[in-house]
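Below: one structure, written as structure tokens.
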Number of protein chains: 2
Amino acid sequence: MSKITITDIANKLNLSTSTVSRALSDHPEVSVRTREIVRKTARELKYRPNIIAQSLQRGQSNIIGVLVPQVRHVFFAEIMAGISDVMEKARYNILICQSNENYENEVRNVETLIQQRIAGLMVSISERTKHFDHFLQVLDNKIPLVFFDRICSVIPASSVSTNDYQAAFDLVQFLVEKGYRRIAHLAGFSNLQIAQQRFLGYKAALEYNKVPFDPELVVENGLNEEDGKVGFLTLYKRCKVKPDAIFAVTDPVAFGAFQEIKKTGLKIPDDIALAGFSNNPTGAMIEPSLTTVNQSAYDIGKVAAELLLDSIKNNKQTIIHKIIPTELIKRQST
Amino acid sequence: MSKITITDIANKLNLSTSTVSRALSDHPEVSVRTREIVRKTARELKYRPNIIAQSLQRGQSNIIGVLVPQVRHVFFAEIMAGISDVMEKARYNILICQSNENYENEVRNVETLIQQRIAGLMVSISERTKHFDHFLQVLDNKIPLVFFDRICSVIPASSVSTNDYQAAFDLVQFLVEKGYRRIAHLAGFSNLQIAQQRFLGYKAALEYNKVPFDPELVVENGLNEEDGKVGFLTLYKRCKVKPDAIFAVTDPVAFGAFQEIKKTGLKIPDDIALAGFSNNPTGAMIEPSLTTVNQSAYDIGKVAAELLLDSIKNNKQTIIHKIIPTELIKRQST
DNA sequence: ACAGTTTTCGGGAACGTTTGCGATGTATAA
DNA sequence: TTATACATCGCAAACGTTCCCGAAAACTGT
């Protein structure tokens, strides 16, 4: 290991490590001439600051943790892109962890992130998380925390999300106006705030339009493509009077339903309409193209990252809840 | 900051830090009784090992760097899932960086990863990378390195890739057998090995079948959706005799072309056939569904991660090049 | 000339671990 | 009894920084 340290530079120049350290960080208390010499030999020796040592001394790393259910999901990948762009500029690095929609994984990941002495944490909770004590640990350790999308209202922390209730309401309102009456809902588990809000928005829109709410038309399941497949099948099997439209809690769920609908031989939107949530790019390419709600995933990540940076720098406890505006995207599937 | 350290435990129990440290790592030189007491009070005090201090002492962190062009691309997101699953089990954390298809970003990211004293590095190079000195720096610092997918044959390091030449050959062979004769190729930049190999496979398949190679039918461009759009348009504009099939270097490029083809009013596959590369899930949902080559992105990540772990643990210099098998997926678009 | 100020630098502790080596105590064997 | 072995633990250095504080050197004004 030919690792060059600050001491090597100091020895070569007959200086102390203090001076070299200061010179490298442009401290005014060291003469301009020395600063230049130090920087020059640092380059020559290919010196690289040891970030680990710096972090230990500072008591905190320059790494922020990002905890998501699954990176492979376009929605979270987009969010990560937003986070990454912001953090890159701020000279922070990103440690990425997946819960894989599993509570135990989530808890374990939080634990190791705390051990890494991360400068901040951003998380979107798993589908199955019902207890939140692990996030209290984060706060106990004075680590700035912000939730995004799948937020958690029990923990006092900032968050970035969308107005799921309103967006779902508007979408269902649109379906009703289009003439659909038996509108089914492939819902998520109700412990997830976003799932619950979308369900409530759905229900409220029905009531607002005096369309009777039929519990038979609601299937509670996961948020992913596979859940959409089984969701549609159980829904279609158990309904004597078939639904004429489906509002899926997420686009992946809609895609799952989409494929099963086609297998069944039904035509979209003539036999049954379909709508999703989050504007996955695939939705624009399928036929018929998918009606959905645009969430601007990239922006969610960007804003959440900026929020985190704020609370890291200003060291403020202020809790801020930001709402990213949504947009109803009307396409051929309805 | 109520940070509990090993010293706090030592003080409380009237032990030395050495003993506590050894007790926590189950060292046999400390009595079973002491080990238990130490572990008990560690729990009580909510002690968390400071990974930064451990890393400094060890001279290396437990973090591995992953450098990809863009996380938001499904292909890389899948790979990351594979990497993540393997590394999680091995108790390594993942620091993720994006080059955004930009050479300068790539160089800068490599530099900061070295400064982080990462335990290993996995990279898929950017579209525009033509010089590779920054990877020599990685090797100079004795950091195990493995390339995946967009590999780099100039640097002596392990790699995981697919047989792009053969897969492209087989795909074009299939197109020829289907009766297509004016087969165009939306190619990638030739500095990328995967792009070059796919092009060469394409060309070889034509020659093998005595189909004349027409340079006019090849457009060299990027690897993303936008590139597919402009690629198709320039291709279609400049050809007097229109192509009857298109082989796109990646699925995103195929999707870009797909959309423009539909805008033009052409029918796939009757007016023009279309094929991609990498089996993006979207390809199965569009209509007509996309003929492509399955690359098993998840496996690429998995195998690459295992390769890296090997060279970290065994500290061996052996360079291994692994090839992940591909599979031709014949669908409606051809 | 001197005292006072400013500029420039070094000594050394601290961050939280790990680990080689020595010290102590106890048990075993002759 | 003494010598030897083993079990258990502590001391202190080391990892590479940063930064407080003090010291030396240079400069200022009278």
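A note on names: the letters A, B, ... follow the listed sequences, proteins ahead of strands, and every chain is numbered from 1. All values derive from a computational prediction rather than experimental measurement.
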*asked:* Over all strands shown, is B:Ser21 touching base, sugar-phosphate only, or nothing at heavy-atom distances under 4.0 angstrom?
replied: base

*If you measure from the Lys or Arg side-chain nitrogens to the Asp or Glu carboxylate oxygens, is any gap between A:Glu29 and A:Arg35 under 4.0 Å?*
no

*Using only heavy-atom distances, determine whether the side chains of A:Ser31 and A:Thr34 contain a donor-acceptor pair under 3.5 Å.*
yes

*Taking CG from A:Asp8 and P from D:dT17, how many angstroms apart are they, rounded to a whole number?*
9 Å

*What integer distance in Å separates A:Leu24:CG from D:dT17:C1'?*
11 Å

*asked:* At 4.0 Å (heavy atoms only), tell me whether B:Thr34 reaches a base, stays on the sugar-phosphate, or touches nothing.
replied: sugar-phosphate

*Grab the CG-P distance between B:Leu56 and C:dT19 for me, whole Å please.*
13 Å

*C:dC15 P sits how many Å from B:Arg48 CZ, rounded?*
20 Å

*Taking side-chain contact (heavy atoms from CB on, under 4.5 Å) as the test, write out the residues that go with B:Thr7, two or more places apart.*
B:Thr5, B:Asn11, B:Thr17

*Using a 4.0 Å heavy-atom cut-off across all strands, classify A:Ser31 as base, sugar-phosphate, or nothing.*
sugar-phosphate

Output one line per pair: protein atom, nucleotide atom from nucleotides 10-14 of chain D, and distance, for all N/O pairs under 3.5 Å.
unit_1: D:dG10; atom_1: OP1; unit_2: B:Asn14; atom_2: O; d: 3.4
unit_1: D:dG10; atom_1: OP1; unit_2: B:Ser16; atom_2: N; d: 3.4
unit_1: D:dG10; atom_1: OP2; unit_2: B:Ser16; atom_2: N; d: 2.9
unit_1: D:dG10; atom_1: OP2; unit_2: B:Ser16; atom_2: OG; d: 2.9
unit_1: D:dG10; atom_1: OP2; unit_2: B:Thr19; atom_2: OG1; d: 2.2
unit_1: D:dG10; atom_1: O6; unit_2: B:Arg22; atom_2: NH2; d: 2.6
unit_1: D:dC11; atom_1: N4; unit_2: B:Ser18; atom_2: OG; d: 2.6
unit_1: D:dA12; atom_1: N6; unit_2: B:Ser18; atom_2: OG; d: 3.3

*Check the side chains of A:His134 and A:Glu106 for a donor-acceptor pair under 3.5 angstrom, ignoring hydrogens and angles.*
yes

*Under 3.5 Å, is there a donor-acceptor pair linking the side chains of B:Asn62 and A:Gln116?*
yes

*Take the protein atom CD1 of B:Ile52 and the nucleotide atom P of C:dT18, then report the distance between them rounded to whole Å.*
14 Å

*Will you find, in the side chains of B:Asn141 and A:Lys3, an N or O donor that is under 3.5 Å from an N or O acceptor?*
yes

*Please state how far atom CD in B:Gln54 lies from atom C1' in C:dC15, giving the value in whole angstrom units.*
14 Å

*Comparing B:Val30 and B:Arg117 on DNA chain D - which has the more 5′ nearest nucleotide*: B:Val30

*Decide whether B:Ser84 and A:Gln98 meet the rule of one side-chain donor and one side-chain acceptor closer than 3.5 Å.*
yes

*Starting at atom CD1 of B:Ile6, determine the distance to atom C1' of C:dC15, rounded to an integer number of angstrom.*
14 Å

*Specify the separation, in whole Å, of atom CD of B:Gln116 and atom C1' of D:dG16.*
14 Å

